[in-house]
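First up is the structure itself, then whatever we jot down about it.
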Amino acid sequence: MTAPPADEQRLLDIVLGNPACRTVLDRAGELGIADWHLTAGGVFQTVWNFLDGRDPQAGIRPER
């Protein structure tokens, strides 16, 4: 397997730096759902926060 391109790796590093996103990605397999995605809010807001120097979880509503 080859390494992902630099931009892709940077995105992965940013998203995985958010503890909430990391938890979702680490635990999703336990749910037994065949086709799932971490999407918009979790990814976009995490990247926005990173670029703005904010806490990775700022503006992301916690689970209910």
Q57 versus A20, closest heavy-atom pair with distance:
OE1-CB, 3.5 Å

Quick check: closest heavy atoms across C21 and G42, and the distance to 0.1 Å?
SG-O, 3.5 Å

Within a strict 4.5 Å, meaning less than it, do heavy atoms of the N18 and I60 side chains meet?
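Yes, their side chains come closer than 4.5 Å.
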
Output all residues satisfying side-chain hydrogen bond (donor to acceptor under 3.5 Å, both in side chains) with D7, sequence neighbours left out; order by chain, then residue number.
none

Side-chain hydrophobic cluster, 4.5 Å single linkage: members besides F50
L11, I14, V15, L16, V24, L25, L31, I33, W36, L38, V43, V47, L51

